[in-house]
Engineer: 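A single structure is presented below for examination.
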2 protein chains.
Amino acid sequence: MTTVLVVDDQPLQRYGFRMLLDSVPETDVIGEAAHGTEAVRKAAELRPDVVLMDVRMPGMDGIEATRRIVAAGDRSRVLVLTTFDLDEYVHAALRAGASGFLLKDARPEELLAGIRAVANGDAVIAPALTRRLLHEFARLVPPRADGSAEDPRLASLTDREREILVAIGKGWTNGEIATRFILSESTVKTHVGRVLSKIGARDRIQAVIFAYDHDLVRPHGG
Amino acid sequence: MTTVLVVDDQPLQRYGFRMLLDSVPETDVIGEAAHGTEAVRKAAELRPDVVLMDVRMPGMDGIEATRRIVAAGDRSRVLVLTTFDLDEYVHAALRAGASGFLLKDARPEELLAGIRAVANGDAVIAPALTRRLLHEFARLVPPRADGSAEDPRLASLTDREREILVAIGKGWTNGEIATRFILSESTVKTHVGRVLSKIGARDRIQAVIFAYDHDLVRPHGG
DNA sequence: CGTGCCGTAGTACCCCGGTACTACCCGCCC
DNA sequence: GGGCGGGTAGTACCGGGGTACTACGGCACG
C-alpha cells in the first residue's frame, strides 16, 4: 500500500486525483494540501510515501516545497506535476530533489505507474520531456565519459606533468606548486614550460582553460 | 505501422524479440543484424523507424553502431538495450545519439511502450536508470538554472566589467582585449584591475577560474 | 654498455600583468 | 550648479611568468 499526499491549489484537481488513486487498491490518499506551506507541514506530519506536487501554486510554489520536503529527509518522495513542460521547472524541480516529473495530461495508468515507480525508489520522467532532457544531458556529460578518444595532447603528458597541469588549473602560482610538491621553483618552471609546449598553450592561462575544458579540475573545487 | 530492425549477437534473443514484436499489429520486424557492422549496413538499406540495439556485441559494439546510424541521418531512432545498467554504457549511448535506453529484463509491455514512444519521437529511459540519471543531471545542471541567488560578487560588476571578465575567461591578453573592444591597453588594465578587486581574485588566472565556476564561459568555446 | 626519457635544478633575460595614482568626459540626479 | 558613477586613458614601477639553455642522477631497454 502506497500512501500519497496530494498537493494542488485547485480543489477540483485534488478531487480528481483522489478519485483516481482511491479507485485502485495499491494507493491510498492520506492527505491533501492547497499550497506549499501546507504541503511541507502535512508531509512532516503524515509521512506519505509519495507527494504528488503541483508546480504552480500561490504562495510557496511546488519547487520550494519540494526542496524543503526532500531536505527534511522523511523518506517522502516527490512526484512533480505540471501543465506546461517548461524547462526551468524541470531543472529546478530536479535540483530540488524531485523523484519524477510528469505532465498533468498524462493518462491515468501513466500516473499510477509513475507513483508506483517513485514509491519503489525509481524515478520517472514524462516521455515528452525525456527527449529534451537526454539532449541536454548528452551536451552536459563530460567528454571523457563516452567512448571518444582522449585528447592526444593530454596523452603526451607524463604523470608528473599531468599533476603540474592540474595544479596550474587550480590557479596555483609556480611558487605555490613548488611548496606543495616540495620542489624548487626552477623545477616547477621546467615542468610548466614542458606542459605548455605539449598542450600548445602560450601561457598558463590557456593551460587553465585547457584543464577546465578537459575536466581535469572540478568546478567550485577551490 | 512501426518498422523495426533487431540487432543482437544471440540468435535466440533476436527470435524472442521478433516473436514479441510480430505478435502485435503495430510493429513489424523488417530485419535482423548480429553485430554492429551489419546493423549499420542494414539500417542504411532498410531505413527502419526504430533500431533495437544490443550494447554488447563482438566486433563493432552497439554504441559505435548507434553513433554511425544516427550520424547517417536516415531518421532511424535507436533504442538501446542492455543487460547491465552500467553507467558508462548509458552515457556513451546517449552521447552517441540514442533515443532511449532500456534493460533487457523489461516487461514485454514496457518494451512495446518504449518502441512506441521512440517511434513517436519521444525518448525513454528505464525507470531504474532514470533515478541515477536525474541525480547526475541535477549535479551537472548549471547552478544559475535553479532558484539559487546569483553570486553577489558577480552582481557587483558593471556591464562593461562583466564583458571584460568574460574576455579574461576566454584567455585573451590585455592587448587582445584592447584590440577586440577597440580600447587602449591602459583602459583594459583599469577594467581588469577593478574586476579582480571586485571578485576578490589576486590575478587574472583566478578570474578565469571564477568565470568557469560561474558559467560565464562555455567549455570548448575557444 | 650506451642511449634516451624523466625528474630534478640552476642561470640569465625579457615582457606581460598588476598596482598606484591621476585625469577627463559624459549622463544622471539632487 | 555640483556631485557621482561609469567608461576611458595615461605614467611609473616591479614582480612573477615564460623562454632558452645547460646539467645531472636514476632507470629502462636494446
Side-chain angles (χ1 to χ4, degrees), chain A residues 149-214 216-217 221-222, chain B residues 149-214 216-217 221-222:
Chain A
E150 188 179 60
D151 192 309
R153 291 172 292 175
L154 242 182
S156 74
L157 297 180
T158 67
D159 291 345
R160 196 54 157 170
E161 285 160 359
R162 191 181 285 243
E163 288 179 336
I164 296 288
L165 176 53
V166 171
I168 295 173
K170 288 179 179 171
W172 299 354
T173 64
N174 288 340
E176 286 169 345
I177 297 175
T179 301
R180 306 212 195 198
F181 284 26
I182 315 180
L183 289 175
S184 80
E185 197 162 336
S186 298
T187 301
V188 174
K189 277 195 169 189
T190 305
H191 283 311
V192 169
R194 274 201 272 264
V195 168
L196 298 187
S197 162
K198 283 189 177 180
I199 68 175
R202 69 174 165 206
D203 53 33
R204 73 196 297 109
I205 293 166
Q206 302 292 334
V208 170
I209 294 172
F210 182 91
Y212 266 82
D213 284 350
H214 291 76
L216 294 177
V217 285
Chain B
E150 187 179 60
D151 192 309
R153 291 172 292 176
L154 244 182
S156 74
L157 297 181
T158 67
D159 290 346
R160 196 53 156 167
E161 285 160 359
R162 192 182 285 245
E163 289 180 336
I164 297 289
L165 176 52
V166 171
I168 294 174
K170 289 178 179 171
W172 298 355
T173 65
N174 289 339
E176 285 169 347
I177 297 175
T179 302
R180 307 213 194 198
F181 284 24
I182 315 180
L183 291 174
S184 79
E185 196 162 334
S186 299
T187 302
V188 175
K189 278 192 171 189
T190 305
H191 284 312
V192 170
R194 274 201 273 265
V195 168
L196 297 187
S197 161
K198 283 188 178 179
I199 68 175
R202 70 175 167 206
D203 53 33
R204 73 198 295 110
I205 292 167
Q206 302 292 334
V208 170
I209 293 172
F210 182 92
Y212 266 83
D213 284 350
H214 291 76
L216 295 176
V217 285

Engineer: To the side chain of B:T190, which of D:dG17, C:dG17, D:dT8 is closest?
Structural biologist: D:dT8

Engineer: Of the listed nucleotides (C:dG7, C:dG17, D:dA9), which one gets closest to any side-chain atom of B:S184?
Structural biologist: D:dA9

Engineer: For A:S186, which contact category applies under a 4.0 Å heavy-atom criterion: base, sugar-phosphate, or nothing?
Structural biologist: base

Engineer: Using whole Å, report how far CD of A:E185 lies from P of D:dG15.
Structural biologist: 14 Å

Engineer: What does A:T158 touch in the nucleic acid at a heavy-atom separation under 4.0 angstrom: a base, only the sugar-phosphate, or nothing?
Structural biologist: sugar-phosphate

Engineer: So, do A:R202 and B:T173 sit near enough that their side-chain heavy atoms are less than 4.5 Å apart?
Structural biologist: yes

Engineer: Side chains of B:K198 and B:T158: does their closest heavy-atom pair fall under 4.5 Å?
Structural biologist: yes

Engineer: Whole Å only: how far is the CD1 atom of A:I199 from the P atom of D:dG18?
Structural biologist: 11 Å

Engineer: Measure CD1/A:I205 against P/C:dG18 and give the value in whole Å, please.
Structural biologist: 7 Å

Engineer: Using whole Å, report how far CG of B:L196 lies from C1' of C:dC16.
Structural biologist: 14 Å

Engineer: Round to a whole Å and report the spacing from CD of A:E161 to C1' of C:dC5.
Structural biologist: 11 Å

Engineer: Would you mind reading off the distance between A:D159 atom CG and C:dC5 atom C1', rounded to a whole angstrom?
Structural biologist: 13 Å

Engineer: What distance do A:R153 atom CZ and A:H214 atom NE2 have between them, rounded to the nearest 0.5 Å?
Structural biologist: 5.0 Å

Engineer: What distance do A:E163 atom CD and A:L165 atom CG have between them, rounded to the nearest 0.5 Å?
Structural biologist: 11.0 Å

Engineer: Ignoring the backbone of A:D203, work out which of D:dG18, C:dT8, D:dA9 is nearest its side chain.
Structural biologist: D:dG18

Engineer: Expressed in angstrom and rounded to an integer, what is the separation of B:R194 atom CZ from D:dG5 atom P?
Structural biologist: 12 Å

Engineer: State whether A:N174 places a side-chain N or O below 4.0 Å from either non-bridging phosphate oxygen (OP1 or OP2) of D:dG17.
Structural biologist: yes

Engineer: Determine: side-chain N/O of B:R202 to OP1/OP2 of C:dG18, distance under 4.0 Å, yes or no.
Structural biologist: no

Engineer: Could you tell me if the side chain of A:I168 sits less than 4.5 Å from the side chain of B:I205, heavy atoms only?
Structural biologist: no

Engineer: What is the distance, to the nearest angstrom, from the CD atom on B:Q206 to the C1' atom on D:dG16?
Structural biologist: 14 Å

Engineer: If only side-chain N and O atoms of B:H191 are considered, is one of them under 4.0 Å from the OP1 or OP2 phosphate oxygen of D:dG7?
Structural biologist: no

Engineer: Of all the choices, D:dG7, D:dG18, D:dG10, which nucleotide is nearest to the side chain of B:R160 once you look at every atom?
Structural biologist: D:dG7

Engineer: Counting heavy atoms from C-beta on, name the nucleotide in C:dG17, D:dG18, C:dA9 closest to the side chain of A:T187.
Structural biologist: C:dA9

